[in-house]
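The block underneath contains the structure these notes are about, expressed in structure tokens.
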Amino acid sequence: MGDVVRLADLLFQGVGVEVEEVVLGDAEVRLVVRSAVGSAACPGCGWRSSRVHCYYQRCLADRPVAGRQVRLDLRARRLVCGNDSCERRTFAEQIPDLTRRHARRTNALTAQLTDIALFLGGRAGASLCGRLAVTIGKDTLLRLLRALPVPQPESVPCLGVDEFAVRRGRTYATILVDMHTHRPVDVLADRTAHTLAAWLRGHPEVRVVCRDRAGSFRDGAHAGAPQARQVADAWHLLHNLAEAVERVVGRHRADLREPLTVQAGQDDVRPTTLGEVDVH
């Protein structure tokens, strides 16, 4: 057992904890650890303190090992802040790269679960976690996704604008896409010209607005980005072309049913219609 404890110490070397005991079970590995840092900084004022007010127990889930769940029983400290002007009299010690306030998982496990949620989503991610000996629900994975900071949009010289239905026939919103990377940039709460114009005024780098033929998007782009060139996207061009062809074909359907005339020198070829297919 001493060798196991020394191996666990090597695994946690540099994290700031010491392993006191390792308990091996059939489905779980429990490690009793304590803080090995001499002092910690107060989150209120930054004053470093080593004066212990009390001890308390924290239970943290960590990444699984060999198909077994890993649990850390951490003997945490509550320290006294020595700064008289600080509003905090005591504070709970947080171990860098291992714990966060009110967290019941280590930072490493939280990062791993967040990656799984990004790639697979909630239901599929929870199914994979079950195979990896991590007990977690799909709603928890979705909460991890919502907790991620929203990335700031970069320069978008070519912007795509389109609407989508939140509730078909009643509520619509607008999605903005970077046409170079084909990735969403932002989502607007509605599809009005005023909302689009306000967004474009904050992004003067837009030079091309690729949109459908909606009048609100036309007016919003003209008011918010008069310097930008407005173009129609390829899907709506093809969609409008298909509708025009369908209308023309519908008006001249009777003409298409007439048989083709036989050219001179081809008397042995039977006349066919457009609705027939020559398989020879």
Side-chain angles (χ1 to χ4, degrees), residues 5-23 28-65 69-118 134-137 139-155 185-189 198-199 201-205:
V5 173
R6 284 192 293 270
L7 177 60
D9 266 331
L10 291 176
L11 293 176
F12 284 93
Q13 187 176 8
V15 178
V17 295
E18 292 182 358
V19 179
E20 296 181 339
E21 184 182 0
V22 177
V23 180
E28 183 185 70
V29 178
R30 185 170 64 91
L31 290 86
V32 180
V33 298
R34 65 178 181 86
S35 175
V37 181
S39 62
C42 174
C45 63
W47 186 282
R48 298 197 67 86
S49 174
S50 59
R51 181 183 172 188
V52 178
H53 178 269
C54 64
Y55 294 91
Y56 66 99
Q57 200 72 18
R58 291 189 65 177
C59 182
L60 302 170
D62 200 4
R63 292 169 296 181
V65 174
Q69 297 182 356
V70 176
R71 190 183 74 182
L72 301 182
D73 289 341
L74 173 63
R75 188 169 183 254
R77 301 181 299 178
R78 177 169 288 276
L79 304 176
V80 178
C81 181
N83 187 3
D84 296 334
S85 60
C86 181
E87 296 180 355
R88 293 175 178 265
R89 304 310 306 158
T90 64
F91 62 93
E93 175 190 16
Q94 301 299 331
I95 301 174
D97 301 328
L98 185 65
T99 65
R100 288 180 296 109
R101 191 180 181 188
H102 303 309
R104 303 184 66 178
R105 292 181 295 270
T106 62
N107 296 342
L109 179 58
T110 301
Q112 187 180 65
L113 294 176
T114 303
D115 291 339
I116 292 176
L118 284 172
V134 178
T135 303
I136 193 170
D139 294 333
T140 303
L141 290 177
L142 295 179
R143 282 195 295 269
L144 292 176
L145 288 180
R146 297 189 186 99
L148 291 176
V150 179
Q152 295 296 327
E154 300 179 355
S155 178
V185 175
D186 205 346
V187 175
L188 306 182
W199 191 93
R201 291 190 187 99
H203 298 78
E205 74 277 4

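- Residues Leu118 and Leu148 meet the side-chain proximity criterion, which asks for heavy atoms closer than 4.5 Å.
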Item to complete: Could you walk me through whether Val70 and Arg63 pass the side chain to side chain contact (heavy atoms under 4.5 Å, CB included) test, one step at a time?
Response: CA-CA 6 Å; Val70 176; Arg63 292 169 296 181; over 6 Å; no
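- To the nearest 0.5 Å, atoms CG (Leu60) and OG1 (Thr106) are separated by 7.0 Å.
- The minimum heavy-atom distance between Ala40 and Phe91, with the atom names listed, is O-CZ, 3.7 Å.
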Item to complete: Report the C-alpha separation of Val52 and Leu79 in whole Å, then their side-chain angles, then the decisive distance to 0.1 Å, and conclude whether the side chain to side chain contact (heavy atoms under 4.5 Å, CB included) test is met.
Response: CA-CA 4 Å; Val52 178; Leu79 304 176; 3.9 Å; yes
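- Note that the CG atom of Asn83 and the CZ atom of Arg89 stand 8.5 Å from one another [nearest 0.5 Å].
- For residues 30-42, the salt bridge (Lys or Arg N to Asp or Glu O under 4.0 Å) pairs, not counting sequence neighbours, are Glu18-Arg34, Glu20-Arg34, Arg30-Asp73.
- Atoms CD1 and CG, from Ile136 and Leu141 in turn, are 4.0 Å apart once rounded to the nearest 0.5 Å.
- The salt bridge (Lys or Arg N to Asp or Glu O under 4.0 Å) test applied to Arg105 returns no partner, not counting sequence neighbours.
- The side-chain heavy atoms of Cys45 and Arg88, taken from C-beta on, include no pair separated by under 4.5 Å.
- Between Tyr56 and Ala92 the shortest heavy-atom distance is OH-CB, 3.3 Å.
- Taking 4.5 Å as the limit, every side-chain heavy atom of Leu31 sits out of range of all side-chain heavy atoms of Asp62.
- Contact record, Ala41 with Gly46: CB-O, 4.0 Å, taken as the closest heavy-atom pair.
- More than 12 heavy atoms of other residues, nucleotides or ligands lie within 6.0 Å of CD in Gln57, so this atom counts as buried by the packing criterion.
- A salt bridge (charged side-chain N to carboxylate O under 4.0 Å, His left out) with Glu93 is found for one member of Arg75, Arg101, Arg77 and no other, namely Arg77.
- Under a 3.5 Å cut-off, the side chain of Ser49 and the backbone N or O of Val80 do form a donor-acceptor pair.
- Leu113 CG to Leu145 CG: the interatomic distance, rounded to the nearest 0.5 Å, is 10.5 Å.
- Between His203 and Val185 the shortest side-chain heavy-atom distance does not fall below 4.5 Å.
- Looking at heavy atoms from C-beta onward, Leu72 lies in side-chain contact with Leu98 at the 4.5 angstrom threshold.
- Here the closest heavy-atom approach between residue Ser39 and residue Val37 is recorded as O-CG1, 2.9 Å.
- Atom CZ of Arg51 is surrounded by 12 or fewer heavy atoms from other residues, nucleotides or ligands within 6.0 Å.
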Practice prompt. Take Leu74 and Ile95, measure what side chain to side chain contact (heavy atoms under 4.5 Å, CB included) needs, and give me the verdict at the end.
Written response: CA-CA 10 Å; Leu74 173 63; Ile95 301 174; 4.0 Å; yes
